[in-house]
Q: 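Before I ask anything, here is the structure I am working with.
For the numbers below, each heavy atom of this structure counts, side chains included, while hydrogens, waters and symmetry mates do not.
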2 protein chains.
Amino acid sequence: MRLSTKGDYGVRALIELALHEGEGPVQRAVIAARRQIPESYLDHLLAQLRRDGFVRSTRGPSGGHELARPASEIRLLDVLESLEGSLAPLGCLEDGEAHSEQHVVCGQRWVWQEIYDAMRARLAAVTLAELLERDRTRKGRIAPSYSI
Amino acid sequence: MRLSTKGDYGVRALIELALHEGEGPVQRAVIAARRQIPESYLDHLLAQLRRDGFVRSTRGPSGGHELARPASEIRLLDVLESLEGSLAPLGCLEDGEAHSEQHVVCGQRWVWQEIYDAMRARLAAVTLAELLERDRTRKGRIAPSYSI
DNA sequence: TACAATCTCGAGCGATTTACTCGACAATCC
DNA sequence: GGATTGTCGAGTAAATCGCTCGAGATTGTA
């Protein structure tokens, strides 16, 4: 049930870009150093984020990477699904798998469906801008009590 | 973010045992066939569940496996954490990792903390008895709307 | 007592995934 | 032209996953 480093690193990188929004491109080396990401690995993550329209890159001296859209319009859910693929906890929750054999024999699908839905809803409600804000004011305000 | 087959298969097996609660032991071969689990793999899952006190096994002819406690007292959360280890989506959410370097540089910990807490709360509220009930009446009652 | 049925335990193993590195190349700016 | 940056794809070592197998222990039955 662990997020892979792709998702983790990728979001870190985007937070770094959000931090310098409107200040021109940030170099790979800078992102990597500030967020503790292996530089050559970061390449692949940026490539994926570029493909899906989150990041724009420019080459040459003083080139680098920047957000392709405002941080307030980039949802955490979309970023993570770009980098990780589906976040579904069970295979039978994925689109298209709705009527497999496993489905009948599984017995726990409904709980995971609830959890999956709640997770996606929460991730969809968080934008890079909000992540950035909390990253700046490192107060980490107390999480409200909640339930599924 | 996918549950491994251990958790999936293990819960399936326990549902099968819950289905025959109070009827004496169920054989490995029966569980495996009914819930589509590789028989020799099931061995390891049952061993783990035995170690953690969910299952009691008896050898010899007409031996097999049964629940060590009432189905209504076995929480899905405990079963899954027994089989999967921690369900934490990020390493930095695990006990003991509270003050690592990653923590500072991560920036998304709080969202995942919220999701993780909600997930554990939901899984803690579901017992084998409830899973069984829904498995029997395959109505799969409509999930209530909810949020984190 | 033999023997068959069942669980028990640990070693091993092939395939896949993860988390990278590296090198050749392309673009841009000076 | 050369320095600086990004781009792309191949490759790879290690870990994890999802099992199988075999040798044994235990128990019920004839």
Q: What is the distance from NZ of A/Lys6 to C1' of C/dA19, rounded to the nearest Å?
A: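 Interatomic distance, NZ of A/Lys6 to C1' of C/dA19: 9 Å.
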
Q: Does A/Thr5 reach a base, just sugar-phosphate, or nothing at all? Heavy atoms under 4.0 Å.
A: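 Sugar-phosphate contact only - A/Thr5 comes under 4.0 Å of backbone atoms but never of a base.
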
Q: Hey, are B/Arg12 and B/Glu16 close enough for a salt bridge, meaning a charged N less than 4.0 Å from a carboxylate O?
A: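 No salt bridge links B/Arg12 with B/Glu16.
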
Q: Whether B/Lys6 and B/Glu84 form a salt bridge (side-chain N of Lys/Arg under 4.0 Å from carboxylate O of Asp/Glu) is what I want to check.
A: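 B/Lys6 and B/Glu84: not salt-bridged.
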
Q: Taking atom P of C/dC9 as reference, at what distance in whole Å does atom NE2 of B/His65 sit?
A: 11 Å

Q: In whole Å, I'd like the distance from the CZ atom of B/Arg51 to the P atom of C/dC7.
A: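 Rounded to the whole Å, the gap is 16 Å.
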
Q: If you measure from CH2 on A/Trp112 to CG on B/Leu3, what distance do you get to the nearest 0.5 Å?
A: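 Taking CH2 in A/Trp112 and CG in B/Leu3, the distance rounds to 5.0 Å.
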
Q: Pick out which of A/Val79, A/Leu87, A/Asp78 makes a side chain to side chain contact (heavy atoms under 4.5 Å, CB included) with A/Leu123.
A: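 Exactly one pass, corresponding to A/Leu87.
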
Q: What's B/Ser57 touching, base or sugar-phosphate or nothing? Going by heavy atoms closer than 4.0 Å.
A: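 Result for B/Ser57 = sugar-phosphate.
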
Q: Which is more 5' along DNA chain D, the nucleotide nearest B/Tyr41 or the one nearest A/Pro61? Just name the residue.
A: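 By nearest-heavy-atom nucleotide position, the 5'-most residue is A/Pro61.
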
Q: Pick base, sugar-phosphate or nothing for A/His44, based on heavy-atom distances below 4.0 Å to the nucleic acid.
A: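 Since a base atom lies under 4.0 Å of A/His44, the category is base.
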
Q: Rounded to whole Å, how long is the line connecting atom CG of B/Leu46 with atom C1' of C/dC9?
A: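 Taking atom C1' of C/dC9 as the reference, CG of B/Leu46 is at 13 Å.
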
Q: Test of understanding: with side-chain hydrogen bond (donor to acceptor under 3.5 Å, both in side chains), list the residues that count as partners of A/Gln48, not counting sequence neighbours.
A: A/Arg51, A/Asp52

Q: Report the residue (A/Arg59 or A/Pro38) whose heavy-atom-nearest nucleotide on DNA chain C is the more 5′ of the two.
A: A/Pro38

Q: Just by modelled atom types, is the A/Leu42 backbone N or O under 3.5 Å from a matching donor or acceptor in the A/Arg28 side chain?
A: no

Q: Give me the first and last nucleotide of DNA chain D, going 5' to 3', that has any atom under 4.0 Å from a heavy atom of chain B.
A: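 Range of nucleotides touched by chain B: D/dG18 to D/dG28.
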
Q: Round to a whole Å and report the spacing from CZ of B/Arg50 to P of C/dG10.
A: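 One finds 11 Å between P of C/dG10 and CZ of B/Arg50, rounded.
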
Q: Less than 4.5 Å apart, any side-chain heavy atom of A/Val55 and any of A/Leu17?
A: yes

Q: Start at the 5' end of DNA chain C and walk down; is the nucleotide closest to B/Ser40 or to B/Gln27 reached first?
A: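 Closer to the 5' end of DNA chain C: B/Gln27.
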
Q: If you only use heavy atoms from C-beta on, which nucleotide in C/dG10, C/dA27, C/dC20 is closest to the side chain of A/Tyr9?
A: C/dC20

Q: Once you round it to whole Å, what is the distance between P of C/dG12 and CG of B/Asp43?
A: 18 Å

Q: How many whole angstroms separate atom CG of A/Leu83 from atom P of C/dT18?
A: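 About 13 Å, once rounded to whole Å.
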
Q: Could you give the CG-to-P distance, from A/Asp8 to C/dA19, as a whole number of Å?
A: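 So the two atoms are 10 Å apart, to the nearest Å.
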
